[in-house]
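Data block below; observations after.
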2 protein chains.
Amino acid sequence: MATNSNMANPYRKSDVHCMDCSNQLCFVQQFCSPTWLGIINECRNYSFFRKGEYIFHEGDRIFGLYFIQQGKVKVVSAGLNDRMHIVRLATDGHILGHRGLGAETYPVGAVTLEDSWVCFLDNASINDAFINNPKFTYELMMFYSAELRKTEMRLRYLAHMTMREKIAECLLCLKKIFGENKEDGSLNVALSRQEIADLTGTNAEQVSRELTCFENEGLIAKDGKRIKLLDSNAIFEIIACHKLNKELVF
Amino acid sequence: MATNSNMANPYRKSDVHCMDCSNQLCFVQQFCSPTWLGIINECRNYSFFRKGEYIFHEGDRIFGLYFIQQGKVKVVSAGLNDRMHIVRLATDGHILGHRGLGAETYPVGAVTLEDSWVCFLDNASINDAFINNPKFTYELMMFYSAELRKTEMRLRYLAHMTMREKIAECLLCLKKIFGENKEDGSLNVALSRQEIADLTGTNAEQVSRELTCFENEGLIAKDGKRIKLLDSNAIFEIIACHKLNKELVF
DNA sequence: GCTATTTTCTGCTAAAAAACAGTTTTTTTC
DNA sequence: GAAAAAAACTGTTTTTTAGCAGAAAATAGC
């Protein structure tokens, strides 16, 4: 519930034109026509969020779509007695606030895991972009369909895996989404034990215990929140019995 | 693993033109131009699947998209030692085989829960339809985005709910998807205890036990596979503590 | 309509996971 | 750099869930 000037008034122009944006993964940059890129550049809002701030809250009215220009975000949903569930993790080029049309409210909230720069496009602009950029609409459809498939697979894994397996799967997912540090090889994201628990549907104690096990088995090295996967193949072996599609999930 | 003539050669023409199809929920009928409806009517394949038959198997190559004209289908994924997981349930107007483009394989299989009639459109036709019907592409994008949101919510529930809660949620979902019989008020779908277990991520014994509890508490009436919800509100109360969005899930 | 087969139910036991509690370590704040 | 606060760790207890087994009921086959 942190307040900052950007939340109250998250409408700031970027000095950089969409055409010159460093984020090559942005759907707008990739699939909108040059003409439209200019239009979108004018109507978009660029804002900065400090670590731990809400980009939007669960229950907020939907005004448009958010594109992560640079940063790391967790998409959360409030659960039983203050318990949070992390629905999804997102980083550079990812989209937040699916289905930014109509007068509905967000079923989830979005909180930054570290300082992040986010572009915002309101419903009207997005709608115009859809009408005038069939390629953009098509690619977004393909993106959602791929995301749906991935989420359906995760649903299956979470329903049938043990704690140990879920935590192993989580570590591989974190590697896939955020990558590893080039210098020391540790995961490019620092989550608390509680956040890993919120992600896997267990509790912080269990995560702590299991990570200690993994370390004793030589699968990982840990230094506080920084975790390094020493043997990804061996970690994958833990969940291999579920016959999951490596290309699909990781 | 049943074999029938339709599986080997599921290419049969329907006597009914797409324009006159009784399924008003079909995306093609709703959002393609009249001209394109004629083209699609010519290139689609209409086939019949008896109860328990596979429409496609996990790992099959993707050749196109399936539209359920009439029937009930479970989308499944094989798990640990013969255990199945039901990823999703589908009925009239629903789409099977997301992302029917490219040379990938299905991450899931589809099995009919009862006799069903299914339309099939191959990749090339679907692609042509996308290019020439922006409205169709747009609506499909919206559909996937809504499905994604629903699946993300389900992911959250399954991660944090107890067995009792999961089974309660499942019953309400079944009511939402298949509706209730007008005559006796029972759910319009007959799943085995094992299938309910595959849907909720538990086992048949647990489901049996919990349904007996629900019956003793006056929440449901059951007669074999036919289940009747006697007090939907009381069932919802079981999961109300998870603060789930009633409109979103049910 | 009877028999065989499958499904469902229910009690019991074993295993897994959650909850609690207290200690240690790390991080934050002044 | 010390004190306070937060996070992480670890042992123990309690609760929940899974697995097994056998009886009862329902369904299918002849």
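All heavy atoms count here, side chains included; hydrogens, waters and symmetry mates do not. Everything quoted here is computed from the prediction, not taken from an experiment.
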Closest heavy-atom pair and its distance - Met161(B), Lys166(B):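 It is O-CE, 3.3 Å.
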Val73(B) to Ala110(B) - nearest heavy-atom pair and separation: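 Closest approach of Val73(B) to Ala110(B): CG1-CB, 4.0 Å.
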Length of the [atom1]-[atom2] vector between [X] and [N], whole Å:
| X | N | atom1 | atom2 | answer |
| --- | --- | --- | --- | --- |
| Glu210(A) | dG11(D) | CD | C1' | 16 Å |
| Phe214(B) | dC9(C) | CZ | P | 13 Å |
| Glu165(A) | dA18(D) | CD | C1' | 14 Å |
| Ile220(B) | dC9(C) | CD1 | C1' | 13 Å |
| Gln206(A) | dT15(D) | CD | P | 17 Å |
| Glu195(A) | dA6(D) | CD | C1' | 14 Å |
| Gln194(B) | dG19(D) | CD | C1' | 13 Å |
| Ile167(B) | dT8(C) | CD1 | P | 13 Å |

Given DNA chain D, 5'-ward residue of the pair Arg193(A) and Met161(B), judged by closest heavy atom: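 Its nearest nucleotide lies further toward 5', so the answer is Arg193(A).
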Residue whose closest nucleotide on DNA chain D lies nearer the 5' end, Ala159(A) versus Leu191(A):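 Its nearest nucleotide lies further toward 5', so the answer is Leu191(A).
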Would you say [N] has OP1 or OP2 under 4.0 Å from some side-chain N or O of [X]?
| X | N | answer |
| --- | --- | --- |
| Thr202(A) | dA18(C) | yes |
| Thr212(A) | dT10(D) | yes |
| Lys225(A) | dA8(D) | yes |
| Lys222(A) | dC9(D) | yes |
| Ser208(A) | dA8(D) | no |

Closest to the Arg209(B) side chain, choosing from dC12(C), dA18(C), dA8(D):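 Closest nucleotide to the Arg209(B) side chain: dC12(C).
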Candidates dT10(D), dC20(D), dA17(C) - which lies nearest the side chain of Met163(A):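 Of dT10(D), dC20(D), dA17(C), dA17(C) is nearest to the side chain of Met163(A).
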5′-ward residue of the pair Asn203(A)/Glu205(B) relative to DNA chain C: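 Closer to the 5' end of DNA chain C: Glu205(B).
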Residue met sooner reading DNA chain C from 5', once Gly201(A) and Asp223(A) are mapped to nucleotides: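 On the 5' side of the pair lies Gly201(A).
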Salt bridge flag under 4.0 Å for residues Lys51(A) and Glu114(A):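 Between Glu114(A) and Lys51(A) there is no salt bridge, as every charged N stays at least 4.0 Å from the carboxylate O atoms.
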Pairing of Arg149(A) and Glu152(A) as salt bridge, 4.0 angstrom limit: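 Here Arg149(A) does not pair with Glu152(A) in a salt bridge, since their nearest N and O are not under 4.0 Å apart.
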Sugar-phosphate, base or nothing in reach of Ser192(A), heavy atoms under 4.0 Å: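 Counting heavy atoms under 4.0 Å across all strands, the contact made by Ser192(A) is with sugar-phosphate only.
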Sugar-phosphate only, base, or nothing, as touched by Lys166(A) at under 4.0 Å among non-hydrogen atoms: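 Counting heavy atoms under 4.0 Å across all strands, no contact is made by Lys166(A).
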More than 12 heavy atoms of other groups within 6.0 Å of Asn216(B) CG: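 Atom CG in Asn216(B) is crowded, with more than 12 foreign heavy atoms closer than 6.0 Å.
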Check: Thr112(A) main-chain N/O paired with Glu53(A) side-chain donor or acceptor under 3.5 Å: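 Pair absent, no side-chain N/O of Glu53(A) close to backbone of Thr112(A).
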